[in-house]
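Sequence lines set the chain letters: A, B, ... in the order given, protein chains first and strands last, and positions in each chain run from 1.
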Number of protein chains: 2
Amino acid sequence: MITIYDLAKKTGFSSTTVSKALNDYPDVSKKTKQAIIDTAAEMGYLPNAHAQSLSTKKSWTIGVMFSESNGVGMRHPFFSGVIESFRKHAEKEGYDLILASRNLRNRGTSYLEHFLYRGVDGIMVICSDPKDPQVQEMINSSIPIVVIDMSNQDCSVVFSDNLSGGELAINYLYSLGHTKIAHIAGDHTIYAGKVRIKGYIDAMKKRNLPVPESYLVNGGLFSIQEGALAMEKLLDLADPPTAVFVAGDHMAIGAMETAKTKGLSIPEDLSIIGYDDIEMASYVTPKLTTIKQDTDQIGVRATQLLMKQIIQKKKIVTEEIIPVTLMERESCKRLEK
Amino acid sequence: MITIYDLAKKTGFSSTTVSKALNDYPDVSKKTKQAIIDTAAEMGYLPNAHAQSLSTKKSWTIGVMFSESNGVGMRHPFFSGVIESFRKHAEKEGYDLILASRNLRNRGTSYLEHFLYRGVDGIMVICSDPKDPQVQEMINSSIPIVVIDMSNQDCSVVFSDNLSGGELAINYLYSLGHTKIAHIAGDHTIYAGKVRIKGYIDAMKKRNLPVPESYLVNGGLFSIQEGALAMEKLLDLADPPTAVFVAGDHMAIGAMETAKTKGLSIPEDLSIIGYDDIEMASYVTPKLTTIKQDTDQIGVRATQLLMKQIIQKKKIVTEEIIPVTLMERESCKRLEK
DNA sequence: AACATCAACGAAAGCGCTTTCGATCCAGAG
DNA sequence: CTCTGGATCGAAAGCGCTTTCGTTGATGTT
C-alpha cells in the first residue's frame, strides 16, 4: 500500500502539501498540484478510508437496517426494491451502504451501537413496527436517520400513502358496484397494516357501507399462507363478501389460491385487490389489480432527506408521504346485479 | 465519543492496559481486566472501527458487488436470495457487508480500487459475465475473493450445477414422452446461459434427440419480455416443439404468456420447464415446473470459501458446484400420442 | 529603502487504537 | 541474602491522513 509519504518522497514535497494537493486546497500552486496528482496516478496511489475517516470523522457510509420480523429480510420485493433505489441514489452522493449485523463480534450490541462503532454518517431503516426498541434507540440518538414504512414523531420518515391507498381501493370496488367489501389486514403491530385498516374503514364509512366485524380479518405478517388462511375465514361466512381488499400482494395471491381451491373463479365470483404491486402481481392468473407502492420514489426521497440531515448536521423531523396508484388489472369485475 | 484514554483516566491504568484488557490479552490481571470492562460498560464505551482497522489492517468488512447487466440489480430474486444468505452467514463470522459504488466520490475508480480504498477483507461478486473487466481486475488482485454464478480458473467460484440442471430437465421431459424439445436460452455472454445450453444439447444428444437449429433460441438477458419474444419464434415454426426447456423462470413465465395469448394451453398443448425456482414460479398458472437453484446453499458455501481464504491469507482457486433439483409442478404433462 | 501583502509550502499535533519492548515488583530458588 | 523468573503494567512508536499555524520569499507600495 502506498501512502502520501511515498508521494511526498517521490515528488520532493511534504506530506502536508501532498494531502492538500489531493484535496484541492487553494494554497497549493497549480503546477505542484498537477505534479502530485500525476505521480499519484502513476504510482497507483489510493487513499486509505480508515485513516481519512479517523481524522475527519466522516466515513461516507450509511448504515442500513431492516427488520426481519417475518424472516424474509432482503428477499421481500418491497425491501429489496427500496434498498436498491436508495443505494443507487446514495451512491451518486458518494456514500456506500453498509449492511450491519447485530452482533459486534460476540459482544452483544444493538444496531445503534454497531453503527456508532462503524462510524456511519447516517442510518436508513426499513421497519414496519413502530415500537421496535432497536429502532427507537436509533431514533432517539443524535445520528441522522430516515425510517421507511412507519410513522414517527421524532425523526424523518417516508412511507406510502396507506390511507388513500385504502380509499383508492374501496372507491374502485364501489365504482364497480360492490358494497359487501371485506379486508384482509396486516397485523396491527405493523404500521402499514394498521393504517390500511383505517383507510378501509374510513372509506367504507364515507360511503355508508357496512363493516361487519367478520369482514375484517387479520392476515398477520403478510405472507401468502396467511392470506390463504384469512380468505378461508371469509369464505366460510354466512354472508360472504363480493370483493376483498387485501393489505398486501402476497396475501392477496394466497387469498386467490384458496378462492380457486374452493371452486370460486376470480373475478367472476369474487373481486380481489392487493397492495404493493410486486412483480408477481402482473403474472398470476388473473393478473392482480393492486395498489402500487412506488419503491423507487421512496428510495429517492429517503436519500434526499438523509442527505439534508447529514449536511445540516441536525435531525429534521418530517413525514414524507409517497402517493400510491391503482394498477387496474384483471382481478376485479363489475358486480352483476 | 469516549475513548480508551477516558477509560484510562477513569480507572487509573494506562491506555495500553485498557486496550489489552478490552482485547483480552493474557498479561493483564483478572482483577484489572474486570475493572476496566466494567467501567467501559458503565461509560458506554464503544471502540472506533476506523482506528482499529487503521492499526490492525483488518476491517471486518466484505465488499459485495453485483453486475447489473440487466439493470435489475438487487431486485432479482436470485441475487437478493444469495446476498441475503451470504449476509446472514458472514454476519455470524463477525463481518459486515458493504455495498460499494463504482465512483469514489468523483474520481472515476474501479470496483477493485474502491474496495481497496475501503480496506475490505474480502470480496464477494455475483456476476454472470466471465469476461467483465472489472471482475477480472478483482480476480487478478491479491485480495480474497469468491465469485458466484460463473466459472473461472483463477479464483474461488461457486455456482449451480447448470449442466446437470439441463440434464434433469431434458430427462424429465423425455420421461414424459417428449422428443421435440426446444430451448429458450440465456445469452452466451452469460456463463449460466452458456452452460445450460450445453446441458441441453448434451442431454438431447445422449438420447439421440434432434436439435434443429431453430429449436435453440436466444432469450437474451433472462427477462420476461425476452422470454415472450423467444416463444413467439418457437411457435411460428413449421414444426413447433411439444416441450421447451427455458433457461430462467422469468423467461419461462414470459414464454407461458405468449403461449396463452396464442391460444395454447399449458401443459396440455405445450410443456414448459423453467430454471431458478423464484417465488413467482409457484404462483403463476399453471404453477411452473422448474429447476431449483439453492440460493441458501450458494450463500453458505460462498461464505465458507471466503472465510477460509481470509484466514489462510492466501487465495484458493476452486470450484464449488451446488446441486440443483427438479421442482415438479404443473407446467409439464405427459405427451399423448 | 522600508514596509505590508500574498502566494506557496511545511512542521507538528492530533484522530483512536494496537503492539513491541522494557520496566517493575514479588515469590520462590539456591 | 542474592538471583531468577513470572506476572503486571506502561512508554512510545506507528497506522495514514487532515488541519492549524507559522515560515519563507517574492511582489508591490510609498
Side-chain angles (χ1 to χ4, degrees), chain A residues 1-37 39-40 43-61 104-105 107 113-121, chain B residues 1-37 39-40 43-61 104-105 107 113-121:
Chain A
M1 160 154 253
I2 110 153
T3 73
I4 54 170
Y5 292 99
D6 300 321
L7 295 184
K9 201 168 298 174
K10 183 91 170 188
T11 59
F13 293 99
S14 73
S15 62
T16 305
T17 302
V18 172
S19 173
K20 285 181 181 169
L22 261 16
N23 290 299
D24 204 28
Y25 270 57
D27 63 341
V28 176
S29 77
K30 269 209 184 315
K31 201 165 59 174
T32 76
K33 210 174 270 185
Q34 196 54 51
I36 288 173
I37 288 174
T39 73
M43 298 182 72
Y45 168 79
L46 280 179
N48 178 315
H50 301 302
Q52 255 175 195
S53 303
L54 182 57
S55 140
T56 58
K57 290 172 171 338
K58 165 126 186 133
S59 69
W60 293 97
T61 58
L104 188 48
R105 275 204 298 312
R107 339 178 190 207
E113 288 171 327
H114 195 106
F115 285 139
L116 254 25
Y117 161 68
R118 284 287 181 203
V120 300
D121 298 327
Chain B
M1 160 156 250
I2 109 152
T3 74
I4 55 170
Y5 292 99
D6 299 321
L7 294 184
K9 199 167 301 173
K10 182 92 170 187
T11 59
F13 293 100
S14 72
S15 63
T16 306
T17 303
V18 171
S19 173
K20 285 180 181 171
L22 260 15
N23 290 299
D24 204 28
Y25 270 56
D27 64 340
V28 176
S29 77
K30 268 211 185 314
K31 202 165 55 172
T32 75
K33 209 175 270 183
Q34 195 56 51
I36 289 173
I37 289 175
T39 73
M43 299 182 70
Y45 167 78
L46 281 179
N48 179 315
H50 300 301
Q52 257 177 191
S53 303
L54 181 57
S55 140
T56 59
K57 288 164 173 344
K58 165 129 188 129
S59 69
W60 293 98
T61 58
L104 189 48
R105 276 203 298 311
R107 338 174 192 210
E113 289 171 327
H114 195 105
F115 285 139
L116 255 24
Y117 162 69
R118 284 285 181 204
V120 300
D121 298 327

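Applying the side-chain hydrogen bond (donor to acceptor under 3.5 Å, both in side chains) criterion to B:Thr61, with sequence neighbours excluded, gives B:Ser59. Applying the side-chain contact (heavy atoms from CB on, under 4.5 Å) test to A:Asp27 and every residue at least two apart in sequence or in another chain returns A:Lys20, A:Tyr25. In terms of the salt bridge (Lys or Arg N to Asp or Glu O under 4.0 Å) criterion, A:Lys10 has no residue partners (sequence neighbours excluded). Not a single side-chain contact (heavy atoms from CB on, under 4.5 Å) links B:Ala35 to another residue, sequence neighbours left out. Residues that satisfy the side-chain contact (heavy atoms from CB on, under 4.5 Å) test with A:Leu7, not counting sequence neighbours, are A:Ile2, A:Val18, A:Leu22, A:Thr39, A:Ala40, A:Met43, A:Tyr45. B:Thr17 is linked by a side-chain contact (heavy atoms from CB on, under 4.5 Å) to B:Phe13, B:Ser14, B:Val28, B:Ile36, counting only residues two or more places apart in sequence or in another chain.
Within residues 4-11 of chain B, no residue approaches DNA chain D, by heavy-atom distance under 4.0 Å.
DNA chain D is contacted by both A:Thr3 and B:Val18; B:Val18 maps to the nucleotide lying nearer its 5′ end (nearest heavy atom per residue). Where B:Ala51 and B:Tyr25 meet DNA chain C, the nucleotide closest to each residue was compared, and B:Ala51 sits on the side nearer the 5' end.
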Just the atom pairs and distances: protein N or O near nucleotides 6-9 of chain D's N or O, under 3.5 Å.
residue, atom, partner, partner atom, Å
D:dC9, OP2, B:Ser29, N, 3.1
D:dC9, OP2, B:Ser29, OG, 3.3
D:dC9, OP2, B:Thr32, OG1, 3.1
D:dC9, N4, B:Asp27, OD2, 2.9

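Proximity of A:Gln52 to B:Tyr117: side-chain heavy atoms (C-beta onward) are separated by under 4.5 Å at one or more points.
Judged by distance alone, with hydrogens and angles left aside, the side-chain atoms of A:His50 form no donor-acceptor pair with the main-chain N or O of B:Ala51 at under 3.5 Å.
Across all strands, B:Gly12 comes closer than 4.0 Å only to sugar-phosphate atoms, never to a base (heavy-atom distances). Nucleic acid contact class of A:Thr56 (heavy atoms, under 4.0 Å, all strands): sugar-phosphate only.
Going from atom CG of A:Asp6 over to atom OG of A:Ser15 covers 11.0 Å, rounded to the nearest 0.5 Å. For the atom pair CD1 (B:Ile37) and OG1 (B:Thr11), the distance works out to 11.5 Å, reported to the nearest 0.5 Å. For the atom pair CZ (B:Arg118) and CG (A:Leu46), the distance works out to 12.5 Å, reported to the nearest 0.5 Å. A distance of 7.0 Å separates CE in A:Met1 from CG in B:Leu116, rounded to the nearest 0.5 Å.
Residue pairs meeting the salt bridge (charged side-chain N to carboxylate O under 4.0 Å, His left out) criterion with at least one partner in residues 45-61 of chain A, sequence neighbours excluded, are A:Lys58-A:Asp121.
Taking five base pairs at each end of the helix from C:dA1-D:dT30 to C:dG30-D:dC1 and finding the rotation axis that steps the C1' atoms of four pairs onto the next four gives two axes whose angle is 60°, to the nearest 10°.
Of all nucleotides in DNA chain C, those with any atom nearer than 4.0 Å to a heavy atom of chain A start and finish, going 5' to 3', at C:dA8 to C:dG16.
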